[in-house]
Amino acid sequence: MPTYLSPGVYVEESEAGTRPVEGVGTAVAAFVGFAAQGPYNTPTLITNWTQFTQTFGDFVENTYLAHSVYGYLANGGSACYVVRIGGNGAQGNGSKEPAKAELPASPQLAIGPYRLIAVESGKSAPDITVEVVDSKDDNPPADAVKLIVHATGKPPEEYDPVVPKKSGSKTHNLMTVVNAISTTVRVEEATTSGAVEKVEKGKQALERPAPPDPSPQSLDADDYVGNAAERTGFSGLEAVDEVTMVAVPDLMSAYQQGDLDLEMVQTVQLAIISHCEQMGDRVAILDAPPGLNAQQVKEWRVEQAGYDSKYASLYWPWPKVFDPASGTNVFVPPSGLVAGIWGRNDDTRGVHKAPANEVVRGAVALQTQITKAEHDLLNPVGINCLRAFPGRGIRVWGARTISSDPAWRYLNIRRLFNYLEESILIGTQWVVFEPNDRELWARIRRTINAFLVNEWRKGALFGSTPGEAFYVKCDDETNPAEGIDAGQVLCEIGVAPVKPAEFVIFRLSQFSGGTSLVSE
């Protein structure tokens, strides 16, 4: 309390009795996989597709990271963290080095002792041809030629005379002249030992180099799991508190290419589940192996991958999407698209709504078309199916965790509790070191009650009144003298979450006419 020593008017600020608890974000995904470029083992925030391509490159054949991020954003996801694995920190002992980020992706052409590289890169780069003819100059230097650069949509660039050799005069040297004037190409000295000074006359096109293979060979499970202390693999995501869902789509690309067998795939998936359980604020989105039919995926789920966790979900079958890298439609793991649907569902309805009966944007077909009878076998074991319905498109048709505990059967219940726990945890940090008395307990009750009333009004909690939907108990009973002496404040909170209408049943019967059974 302030001390007043002289007469006067004093103004004081006092804290309100209730401090608001703000809801945390619920839809921030993390993807781990292979990319053509970009930093290794560094969780990088991505909020749009352009940002991803600038940082990690475009689509690459036989990998799924780019497809997953693209599908995530297309289906309603807004922000995600991307972790590129491999690189110098890889534990695998394969002889193949991962792709270097500095390799040029622009169209280029070797010409004598030089390499011509297009100024523009990516899909925006125009078609460029270079023509070498005899010099038309009246008194050209020895070995001089005329160089003509043709680019789509631009007037030709002519350089005459130029000397196509490194020992040429500085005035006429091809690299010096072109780099000083051209807006279409730049010239670099060739680094290959086979470079020659003589230039063949004729017309040639700049060609785009083949994209490097982003996936190092012989990666083992440790490269995916990583190390939290060294911030590698998905274990490095422990330092990113915002993440609420984790997917490792390129685990399946390694399996398809033979780098990992099915047992190692299960080892990594168990590690993903363990990571989410230890963090307590995120859910793993697992992919089933490709190419399985309904019976095979059930056997794999029950007999081989006997996962049991309330912090993980499993989706099957794989959807088919367009692949710009090959120009064809390809099957991809569903985790990236599903993560986007979770984000869209949270934005439009709320985290309490089961993320199911939602259209999978970008999917043109499914790897396996299942029947209702087959679905009857898969749903009880926690396999969330993607199904195609005539006139309604391809939809997510399941919203279960892979837990055997009925209390945590539904995915939206787990994610709702993650949201409530994290929001209350962050919103009550002011309590620490406050005097542990009845006044503090009352302030805690008011703060949490106000937060849960708002959640009840949103439809997240079951009950016709707030009293039916939740309770908050923080008093002498929950805080005995020995707890106070230990410096503890215990607040007991109970909530009644809304569970999804998974089975909708209409009972129809015949009745004799004459008596109205219609009720208002």
Output yes when a side-chain donor or acceptor of [X] lies under 3.5 Å from a complementary backbone atom of [Y], and no otherwise.
| X | Y | result |
| --- | --- | --- |
| W408 | T401 | no |
| N75 | R361 | yes |
| R84 | F56 | no |
| E468 | S464 | yes |
| Q367 | V332 | no |
| D58 | T53 | no |
| N345 | K353 | yes |
| D308 | S404 | yes |
| D323 | T328 | no |

Distance in Å, [X] [atom1] paired with [Y] [atom2], rounded so as to fall on 0.5 Å steps:
| X | Y | atom1 | atom2 | result |
| --- | --- | --- | --- | --- |
| S309 | I273 | OG | CD1 | 5.5 Å |
| I493 | L452 | CD1 | CG | 6.5 Å |
| R395 | R387 | CZ | CZ | 12.5 Å |
| N62 | Q256 | CG | CD | 8.0 Å |
| L73 | C80 | CG | SG | 5.5 Å |
| Q269 | L262 | CD | CG | 8.5 Å |

Does the side chain of [X] reach to within under 4.5 Å of the side chain of [Y], using non-hydrogen atoms?
| X | Y | value |
| --- | --- | --- |
| V283 | C276 | no |
| I444 | T428 | no |
| W430 | T447 | yes |
| F470 | N449 | yes |
| R231 | N41 | no |
| M264 | V268 | no |
| Y311 | H275 | no |
| L337 | Y315 | no |

List the atom pairs, donor and acceptor, that lie under 3.5 Å between side-chain atoms in residues 235-248 and the rest of the protein, sequence neighbours left out.
unit_1, atom_1, unit_2, atom_2, d
S235, OG, V225, O, 2.6
T244, OG1, T26, O, 2.8
T244, OG1, V28, N, 3.1
T244, OG1, V28, O, 3.3

With the threshold set at 4.0 Å, does a side-chain nitrogen-carboxylate oxygen contact exist between R414 and E277?
-> no
Would you say the side chains of T44 and T42 form a donor-acceptor pair under 3.5 Å?
-> no
Decide whether N436 and W441 meet the rule of one side-chain donor and one side-chain acceptor closer than 3.5 Å.
-> yes
Sequence neighbours excluded, which residues qualify as side-chain hydrogen bond (donor to acceptor under 3.5 Å, both in side chains) partners of [X]?
| X | answer |
| --- | --- |
| N454 | none |
| Y70 | none |
| T47 | Q51 |
| T348 | none |

Is it the case that atom [atom1] in [X] sees more than 12 heavy atoms from other parts of the structure closer than 6.0 Å?
| X | atom1 | result |
| --- | --- | --- |
| F462 | CZ | no |
| Q429 | CD | yes |
| E439 | CD | no |

Applying side chain to side chain contact (heavy atoms under 4.5 Å, CB included), name anything that partners D376, two or more places apart in sequence or on another chain.
-> K372
Run through F331, Y72, F34, W318 and flag the one making a ring pair (Phe, Tyr, Trp, His ring centres under 6.0 Å) with Y64.
-> W318
Keeping to residues at least two apart or across chains, list the side chain to side chain donor-acceptor pair (under 3.5 Å) pairs with something in residues 480-493.
-> Y471-E492
Can you list the steps and then say if D222 with T232 is a side chain to side chain contact (heavy atoms under 4.5 Å, CB included)?
-> CA-CA 9 Å; D222 288 339; T232 58; over 6 Å; no
Pairs where [range] contributes a residue and the test salt bridge (charged side-chain N to carboxylate O under 4.0 Å, His left out) is met, not counting sequence neighbours:
| range | result |
| --- | --- |
| residues 263-272 | none |
| residues 333-351 | R344-E358, D346-R415 |
| residues 470-479 | R438-D476, K473-D475, K473-E477 |

At their closest point, which heavy atom of V472 faces which heavy atom of C491, and how far apart are they?
-> CG1-SG, 3.7 Å
If you look at every heavy atom in P249 and V32, which pair is closest and at what distance?
-> CD-O, 3.5 Å
Output a table of donor-acceptor pairs, distance under 3.5 Å, between side-chain atoms of residues 284-293 and any protein atom two or more places apart or on a different chain; print 'none' if there are none.
unit_1, atom_1, unit_2, atom_2, d
D287, OD1, S335, N, 2.9
D287, OD1, S335, OG, 3.2
D287, OD2, S335, OG, 2.9
N293, OD1, Q295, N, 3.2
N293, OD1, Q296, N, 2.8

Residue list, ring pair (Phe, Tyr, Trp, His ring centres under 6.0 Å) with H67, at least two apart or on another chain | F59
